[in-house]
Every structure is written in C-alpha cells, then in structure tokens.
Protein chains: 2
Amino acid sequence: MTLRELAVASSAKTLETLRGDIVRRYEELSPRLQQVAKYVLENPNDMALQTLAVIAERCEVQPSTIVRFAKTFGYEGASDMQELFKDEMLTQAPSPSYAERIRQFSRRAGAAGALAPQDVMHEFADSNILALEHLKSSVRKADLERAVDMIAGANAVYIVGLRRSFPVASYLAYALRHVDKRAYLLDGVAGMLAEQSTMLTSKDLLIAISFQPYAAETVEIVGSTREQKARIIAITDSRLSPIAAASDLVFEIKDAEVRQFRSLTASLCLAQSLVISYAFDMEKRGRGR
Amino acid sequence: MTLRELAVASSAKTLETLRGDIVRRYEELSPRLQQVAKYVLENPNDMALQTLAVIAERCEVQPSTIVRFAKTFGYEGASDMQELFKDEMLTQAPSPSYAERIRQFSRRAGAAGALAPQDVMHEFADSNILALEHLKSSVRKADLERAVDMIAGANAVYIVGLRRSFPVASYLAYALRHVDKRAYLLDGVAGMLAEQSTMLTSKDLLIAISFQPYAAETVEIVGSTREQKARIIAITDSRLSPIAAASDLVFEIKDAEVRQFRSLTASLCLAQSLVISYAFDMEKRGRGR
DNA sequence: TAGCAGTTAGAATTTTTATTTCACTAGTTG
DNA sequence: CAACTAGTGAAATAAAAATTCTAACTGCTA
C-alpha cells in the first residue's frame, strides 16, 4: 500500500485530530516522514510561521518531503496544512488584551475560592519557581564544594530518606550510580532498615534526607551511623532538625508549600546539583592525571 | 517634507519601539497609512501570520500601501517588518519548543568552562525554572480535569515508574495515600513486577511514568493493563513514546536537561498538582452532600 | 482654474515560495 | 537476478506573494 493511497480519506480539521492521526500512523510512515512528524509535533510554532524551505532545513529534509507529508495526511498541499497551525496559534495566542488576562489570572489565583486543576498547577509551578530562586541564594558555595569532596572521598554512599523524602533519596541513589559512584539506598524493604544500615563503615558517607515530621527511623540511622564514625550529610528543613546535630554538613532547604502540601523541587534540584558536580569533579581529576 | 524623507533613519529593532514610533508619528501619516497603523497596532497576530494581500484587504487598502507603510518606518519592505511580529509571537507564545530552548540554555551556560558546584546548581535551578514555566503553558486545562476525574472514578490507582521515573512514581503513591486514595506502587521488589500488575482490574487506573530510554517493563505493564481494560494515564516526554499509544490520557512533559542529566521537576510538579486537585475535588464533593 | 505636491490604486514586474516531476537508490518479490 | 516498488533528493515548473512603477486623483495655492 503506497503512502498516496493511505492519504485518501482523512484531512484532519483540527490540530488535535491531526496530532492524533500523526501519532496513530507514525509507525507506518517512512523514515523521512517520521522525521517530519516528529518536528511537526514538537514545533507547531514553526509550522505556523516559517516557510517550507525553513521548516525543511530544520528537519533536515527536502521541501518536497513536507509536501508529501501533508498529502499523506489528506491535505491538498503543505500550505493547506499550515492553515491549521496558524489557526491554533491565533486562538491560543495572547490577544491584544494580554495585560487584562494577567490581571484576571492573579486575581483568580489569589482568591481562595475557585480552584480548577489548572489554577492549582500554576500555583504550584510558581511556588516551586520561588523555592528554586531561594535555593540559589541560600545555599553556600563552600558547602557545596565540601559535599562534593565528601562524596568523592567516600568508599560508598548510603542514602536514607523515608516517606515524603523517599523520592529524593531514590533519585540520589539512581543518579549516583549513573555516574559510577557506589550508592546504596536504605529503603527498608522487608523491615530490614536497621540491618541495611549496619553495613556502613567509617570510610562511607551517609546522606540523610528528612523533613518535618522527621521519620523516627531516619533519625535512628543517623545516630547509629555517627557511632560508626562515618561521615554524614543532612538534607533537612532546619538546623534544629533531629538529624542536623549529628551531621558533618547540613543543607537547610526550604521547599515550596502550597496549602499544607510540601514540594520536593528544591531538594531534588540540590540532589541533582551535587551529583553532577561530583561527576564533573571526577572528570576533571581524571583528566588531571 | 515627504513621507519618503521621514523614513530615512529609524527602523525599529523591537516591536515595542515600533509601536512607540507608530503612535508618535500617527498624526503626520497620510489617511491610508493611518488606516494601516491602526490595524497594525490592533492586530499584531495578523501581521505575523497573514500575507500582504490578506492584511491589505482587512485594512481596506492596497498591498502596496502596506509596503509604503513599512518603508515609512524604515524597513526594507513589508516582509522585513513582518519578521518583528513573528519574533514577538514566538517569544511570547506558549512555545512547545521550550525543550529546545532549555537544551540551548544549558549548552550556553555550560560552554563557559568554569564549573564550580555553585554554577552547576544555578544552572539547574534556572533550567528547572524554565521547565516549570513551560509546564504552565503547555498542559491543557481539559487534560488536568480529565485526569482528576479519572482518579476520582477509579477503584484504586496503580502507579508504575522505573529507574529515573521512580522518584515521581513513589511520590505519587505516597501523596495519593495521604489524601486517602488507594494507591499501589508497582516497584518490582523481588522481581515481582509482572505479578504485581496482574492485580489491576477494569475499575482501576494505571498511572505510568516513563521517559527516554523507556523502560521495557513499564511498556509491558501498560500493554497488559490495556488488555485488562483498565484506564491509563501516561506521563511521558513525547506523544510518540511507546506508552502513549495505549493510554487514555497523555501528559507530554519536557523536563529540564543539563548535560545529559534530565531533571524531574516538571513531572513532579504535575504529580503534585494532580494529587492536590484531586483532594480539592473530593472535598468539594464531600461538602456538596 | 491651472499648476503642483503629495497621495493613491492598480497594473506590471520581480522575487520568493510551493508544488510537481523525474531520475536514482535500496529493498522486495517472483 | 531481473522486475518491480516505495521512497527519496534535486531540479523544473507553477503559483503566489511582495515590490515597484505609473498614471491618475486630491486638495491646495496662485
């Protein structure tokens, strides 16, 4: 069956249906058309604003291929298909009364009343952005460098973080392993948390993550690790936190909070930064030799 | 003094300056040019998307008049001026190619060389902020609402996300339980992933989270879930992702990426928003009774 | 009311853009 | 392995859009 034959029927009338069509038929498209498909899905703005030649160049394809693509999906030609993208842009583009819209939005978000999912999401996104800004200004350069040194100097890194902190802990373990650092996640599967933590020796590093209300198990592990003379980095929300006192290095993270619900964005961002910095550091030292 | 003479100098470099110029010189323009000026100020979108002929017709003027207008303000021709409007549209339109932008951003930030941990962290924080901004503009209202409905309507929610996606999955499971929704994390402990997933019935919901390179196990679970006729929400990075096709609802999330290392910020923010929106929804219905 | 500067509409031209065609490649089938 | 087929790139062609040009119009002044 040729592409031409495939084309016959469809010709989507809205961008959404076109998107659906593309996704559905993606597999059966030829390599070049798949290339176009990908670009089309990811750069609708270009489709609306640029000429065929430009689009073609950007997907590394001949202009004629774009035309073929359009015909495959039932359009007269590429221009015909472009109309859809232009329409889409018009309907969702900030119209001249943009300012008015912003005003309405913030009013809406501020009032406790109507809370459509979208409002919630915007509120979260905004709070998280604030939290990240705060992170940038509050974490001290020296602390980051020390943390990287501690990771680099450790034989292995053990990570503990339960309940709400678990995602951060699991991310940290995953990422460290990916940059070839031995990392063990103390996850307490089968109630073996205490047992898992006895593995720590004085050459290891424990990264403990805990926020209010601090999980008792995490606090305990920090305590017993201290006795084994391993080093400890704490990621927590206050210097007074029960895991802070016993730690060699404390990162105090204020994460976003929207109506009771705490976020993890800033903590995760810190975790990422530590791992990547460590990776860069290793690379540098490697080259240094 | 002729219009031609007036033209000499200017040629505004940004839309804002052009707008200023137009307003300032409006009085001294000829009637036809005033007509164009009015239209230009009020319909910037048309200027970006339409051809001269269309614009001309809409301001009830000859195409050549538009060209004269552009020259009056110091441009080579009308096309030249149109570029401005296109640019403007690109920068302030919800840009799906934020992914590209984020990538460029980090490439740029990285090229500088100096890679102190603090620089890394700032880079991450900034990329994450971009990703969150993008999230705000790219996730559609209707999709969020549908997702909340699906969660509300499900007997139980099963969540799968492996490797890099695991933190998001574990957070979702944790948070859903906290708002009293039955949630099971398919974590594959003891290699029981397949067994865990057979628990799903047609009244349940599966939330699958997977990013490139898509974990084979996740793809499999989505497939078998489909067969069991349960509903599926996918959180993934492309409509072409292997878990997208079988899903009832797809969230396409472009997370920040700094030198190979993908972030999870946007995905987590979406997860949070879903859970909290669900909680609000429950509360509202509860009060309704 | 003749003459003039500035403006305009519309046709003519040039340039750009889209589409079609064709020749070539690689892969498949009998 | 020959004959086909789908897919592709590149050049040729067609279409369209933008720009320029010219003749005619407007309102003003002498």
Side-chain angles (χ1 to χ4, degrees), chain A residues 1-8 11 22 25-40 43 45-86, chain B residues 1-8 11 18 22 25-40 43 45-87:
Chain A
M1 182 157 48
T2 72
L3 288 178
R4 180 129 257 176
E5 286 172 271
L6 279 170
V8 193
S11 171
I22 294 177
R25 294 175 47 190
Y26 183 78
E27 282 308 327
E28 72 196 31
L29 294 177
S30 70
R32 283 291 117 110
L33 293 194
Q34 289 191 352
Q35 230 168 296
V36 177
K38 228 174 198 164
Y39 189 85
V40 165
N43 305 72
N45 291 340
D46 280 6
M47 295 301 295
L49 292 171
Q50 304 301 141
T51 70
L52 275 206
V54 174
I55 297 167
E57 194 190 8
R58 294 201 181 156
C59 16
E60 297 174 306
V61 140
Q62 291 288 323
S64 52
T65 306
I66 315 259
V67 176
R68 273 203 299 271
F69 180 86
K71 295 199 167 166
T72 299
F73 285 93
Y75 298 97
E76 289 276 316
S79 309
D80 193 16
M81 182 175 72
Q82 273 189 305
E83 286 303 312
L84 269 193
F85 289 88
K86 291 187 181 178
Chain B
M1 184 157 47
T2 74
L3 285 180
R4 179 129 257 175
E5 287 172 272
L6 278 171
V8 194
S11 168
L18 173 59
I22 294 177
R25 292 174 50 188
Y26 184 79
E27 283 308 327
E28 71 197 34
L29 295 176
S30 69
R32 284 290 118 112
L33 292 195
Q34 289 191 353
Q35 234 169 293
V36 176
K38 225 175 200 168
Y39 190 84
V40 165
N43 305 72
N45 292 341
D46 280 7
M47 294 303 293
L49 293 172
Q50 305 300 142
T51 71
L52 276 205
V54 174
I55 298 168
E57 193 190 9
R58 294 201 182 156
C59 17
E60 298 175 305
V61 138
Q62 289 291 322
S64 52
T65 307
I66 316 261
V67 176
R68 264 186 295 126
F69 180 86
K71 294 199 167 168
T72 300
F73 285 93
Y75 298 97
E76 287 276 317
S79 308
D80 193 16
M81 182 175 72
Q82 273 189 304
E83 286 302 313
L84 268 194
F85 288 88
K86 291 187 181 178
D87 285 355

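Excluded from the calculations below are hydrogen atoms, water molecules and symmetry mates; all remaining heavy atoms, backbone and side chain alike, are included.
Not counting sequence neighbours, A:Tyr26 has no partner by the side-chain hydrogen bond (donor to acceptor under 3.5 Å, both in side chains) test. When the side chain to side chain contact (heavy atoms under 4.5 Å, CB included) test is applied to B:Ser79, no partner is found at least two apart in sequence or on another chain. Qualifying side chain to side chain contact (heavy atoms under 4.5 Å, CB included) partners for A:Ala56, counting only residues two or more places apart in sequence or in other chains: A:Pro63, A:Ile66. Partners of B:Gln35 according to the side chain to side chain contact (heavy atoms under 4.5 Å, CB included) rule, which considers only residues two or more places apart in sequence or in another chain, are B:Arg32, B:Glu60, B:Val61. Partners of B:Thr65 under the side-chain hydrogen bond (donor to acceptor under 3.5 Å, both in side chains) rule, at least two apart in sequence or in another chain, are B:Arg68.
Regarding A:Phe69, its CZ atom lies at a distance of 12 Å from the P atom of D:dT8, rounded to whole Å. Between the CD atom of B:Glu60 and the P atom of C:dT8 there is a distance of 14 Å, rounded to whole Å. Computed from coordinates, the B:Glu28 CD to C:dG6 C1' distance equals 14 Å when rounded to whole Å. With rounding to whole Å, B:Glu76 atom CD is found 18 Å from C:dT14 atom P. Summarising the geometry, the separation between CD on A:Gln35 and P on D:dT8 is reported as 9 Å, rounded to the nearest angstrom. Taking atom CE on A:Met47 and atom C1' on C:dA18, their separation rounds to 13 Å, with Å as the unit. The CD atom of B:Gln34 sits 13 Å away from the C1' atom of C:dT7 (whole-angstrom rounding). As rounded to whole Å, 10 Å separates atom P of D:dT19 from atom CE of B:Met81.
Within the 4.5 Å cutoff, the side chain of B:Asp46 has no heavy atoms near those of the B:Phe85 side chain.
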Anything under 3.5 Å between a protein N or O and an N or O of nucleotides 12-18 of chain D, put it in a table, one pair a line.
unit_1	atom_1	unit_2	atom_2	d
D:dA18	OP1	B:Leu52	N	3.4
D:dA18	OP2	B:Leu52	N	2.5
D:dA18	O3'	B:Ser79	OG	3.0

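Distances shorter than 4.0 Å separate none of the side-chain N or O atoms of A:Gln62 from OP1 or OP2 on D:dT8. An OP1 or OP2 oxygen of C:dT8 is reached within less than 4.0 angstrom by a side-chain nitrogen or oxygen of B:Arg68. Here B:Ser30 reaches the OP1 or OP2 of C:dT8: one of its side-chain N or O atoms lies under 4.0 Å away.
Between B:Met81 and B:Met47, the shortest heavy-atom distance links the atoms CE-CE, 3.6 Å.
In this structure, of C:dT7, D:dT8, D:dG9, it is D:dG9 that holds the atom nearest to the side chain of A:Ser64.
Between the side chain of A:Thr65 and the base of D:dG7, no donor-acceptor pair under 3.5 Å is found.
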